[in-house]
2 protein chains.
Amino acid sequence: MEFSIGELSKRTGVKVPTIRYYEQEGLLNTPIRTEGNQRRYLQGDLERLGFIRHCRDLGLPMPAIRDLIELSQHPDKPCSQANRIAIEQLKSVRDRIRHLKKLEAELKRIATSCEGDHTVLECNVLKAFGDHSLCREEH
Amino acid sequence: MEFSIGELSKRTGVKVPTIRYYEQEGLLNTPIRTEGNQRRYLQGDLERLGFIRHCRDLGLPMPAIRDLIELSQHPDKPCSQANRIAIEQLKSVRDRIRHLKKLEAELKRIATSCEGDHTVLECNVLKAFGDHSLCREEH
DNA sequence: CTTGAACCTCTAGTTGCTAGAGCAATTACA
DNA sequence: TGTAATTGCTCTAGCAACTAGAGGTTCAAG
């Protein structure tokens, strides 16, 4: 029921130095220590770390995760803020997709503008990289 | 025809410290200096910086830009490598879009799983953030 | 000639880790 | 029980691509 940092790492897929980093950043509680000063974790830490990991995989920035953890310490509070954080992250992901799609279109145009079959001097790829006014739309 | 770093900044939209940073990183040539040690740029520097700026806007990492600049110094070489760089970046952008779309789907599910109208204790958003096994697909 | 804006260098901070040095504790096996 | 391999500890530095600030100098306008 008590396990080492290596065990915790194995069970969550979070690397050992990252676990220590999360502790330092206050996302994980400071665990108990053995007489020899090694960290020992409990079930609750495992769940907490799983939570953090999943949030990170979903792209949440650490302050947002901090807020969610803070929130989860107060079971009686309304959960509207958790909802807000999810919606914000969704919006940010959508913004990034929009932006990347524009880049995709431009890069596709650039990459096909020249098959790599002449010299640098007359290369349309290099021209296109150098000249924003050749782009179809803003990016 | 000679201009200061501030002028260069205004004309390209690249911030002054960023210009100095690019010089330090070898993307820009070291410019001539006034007697008082201030940088003075020429037309060529303006074009070079515009090139860099556009590449960065398109998401190219600095090593790729370095390669393109290297390449453009040799007008007689074949330009197949420029083509390769464009295609690589296109691929990387497409990968990122694919990944973000998965996140978008999960976040949408999470964000709508609870309207923020109960307490933290029974909040589906918090549950969903904590439990990867609730996800529809890998991310 | 003076004043204020722009310039200079250098250092440190951002985000979320990751790598390495140099040492201590634990665990497995003989 | 001895010892060797593994795992753990702290601390510092590095990554990408900038950005911010301190403390001081030069330039250009009036």
Side-chain angles (χ1 to χ4, degrees), chain A residues 2-28 30-41 45 48-69 85 88-89 92-93 96 99 103, chain B residues 1-28 30-41 45 48-49 51-69 85 88-89 92-93 96 99 103:
Chain A
E2 263 187 13
F3 35 90
S4 68
I5 197 168
E7 259 303 298
L8 187 62
S9 170
K10 242 176 262 167
R11 297 201 200 185
T12 56
V14 178
K15 286 180 190 150
V16 169
T18 307
I19 296 173
R20 289 198 275 252
Y21 170 70
Y22 287 159
E23 178 187 335
Q24 183 190 303
E25 295 301 302
L27 296 187
L28 289 173
T30 61
I32 50 176
R33 301 272 185 147
T34 63
E35 298 215 337
N37 199 35
Q38 299 196 355
R39 292 166 177 84
R40 286 300 174 264
Y41 295 94
D45 299 307
R48 168 75 68 87
L49 185 54
F51 179 89
I52 295 168
R53 162 104 215 253
H54 193 216
C55 288
R56 289 293 305 131
D57 286 348
L58 288 166
L60 294 204
M62 287 180 53
I65 300 178
R66 223 187 295 274
D67 288 350
L68 288 174
I69 288 172
I85 288 171
E88 235 168 59
Q89 177 61 9
S92 140
V93 165
R96 274 182 282 164
H99 183 221
L103 295 191
Chain B
M1 35 226 57
E2 263 187 12
F3 36 89
S4 69
I5 197 168
E7 259 303 296
L8 187 61
S9 170
K10 240 177 262 166
R11 296 202 201 183
T12 57
V14 178
K15 287 180 190 152
V16 168
T18 306
I19 296 173
R20 287 197 276 251
Y21 170 70
Y22 287 158
E23 178 187 337
Q24 184 189 303
E25 294 302 301
L27 296 186
L28 290 174
T30 58
I32 50 175
R33 302 272 185 148
T34 63
E35 299 217 335
N37 199 34
Q38 299 196 355
R39 292 167 177 84
R40 286 297 175 267
Y41 295 94
D45 300 306
R48 167 75 68 87
L49 186 53
F51 179 88
I52 295 168
R53 162 105 215 251
H54 193 215
C55 288
R56 290 291 307 130
D57 287 348
L58 288 166
L60 292 206
M62 287 179 51
I65 301 177
R66 223 187 296 275
D67 290 349
L68 288 174
I69 288 173
I85 288 171
E88 236 169 58
Q89 177 62 11
S92 139
V93 165
R96 272 182 283 163
H99 184 220
L103 295 192

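Both backbone and side-chain heavy atoms feed into the values below; hydrogens, waters and symmetry mates do not. Keep in mind the model is a prediction, meaning the values are calculated, not measured.
Listed by chain and number, the residues in a side chain to side chain contact (heavy atoms under 4.5 Å, CB included) with A:P17 are A:K15 (sequence neighbours excluded). Annotation: side chain to side chain contact (heavy atoms under 4.5 Å, CB included) contacts of A:Q38 (sequence neighbours excluded): A:T34, A:R40. Residues passing the side chain to side chain contact (heavy atoms under 4.5 Å, CB included) test with A:T12 are A:L8, A:V14, A:L46, A:L49, sequence neighbours excluded.
In plain terms, the two heavy atoms of B:Q89 and B:L58 that are nearest each other are NE2-O, 3.3 Å. When all heavy atoms of B:P31 and B:R39 are compared, the pair lying nearest together is CG-CG, 3.6 Å. Closest approach of A:G6 to A:V16, counting heavy atoms only: CA-CG2, 4.2 Å. In plain terms, the two heavy atoms of A:I85 and A:L60 that are nearest each other are CG2-CD1, 4.2 Å. Listed here is the closest heavy atom pair of A:L68 and A:F51: CB-CZ, 3.9 Å. Closest non-hydrogen pair, B:D45 versus B:L28, comes out as O-CD2, 4.4 Å.
Near DNA chain C, defined here as any heavy-atom distance below 4.0 Å, the residues from residues 19-26 of chain B are B:R20, listed numerically.
Rounded to whole Å, atom P of D:dA17 lies 16 Å from atom CG of B:L49. Straight-line distance from the NZ atom of A:K10 to the C1' atom of D:dG8: 13 Å, rounded to whole Å. Put simply, CG on B:L27 is 9 Å from P on D:dC18, counting in whole angstrom units. A straight line from CZ of A:R33 to C1' of D:dC9 spans 8 Å, rounded to a whole angstrom. In this structure, the CZ atom of B:R56 is 6 Å from the C1' atom of D:dA17, given to the nearest Å.
Every stem involving DNA chain D, taken as at least 3 paired positions in a row under the Watson-Crick or G-U wobble test at 3.5 Å, is listed here: C:1-30 with D:1-30.
Between A:R40 and B:K15, the one whose closest nucleotide on DNA chain D sits nearer the 5' end is A:R40. Nearest-nucleotide assignment on DNA chain C puts the 5′-proximal partner with B:V16, out of A:Q38 and B:V16.
Put simply, the side chain of B:R48 gets close to the backbone of B:L27: a donor and an acceptor are under 3.5 Å apart. The backbone N or O of B:G26 lies less than 3.5 Å from no partner atom in the side chain of B:R66, so there is not a single donor-acceptor pair.
Bracketed by its first and final contacts, the part of DNA chain C lying under 4.0 Å from non-hydrogen atoms of chain B reaches from C:dC7 to C:dT9 in 5' to 3' order.
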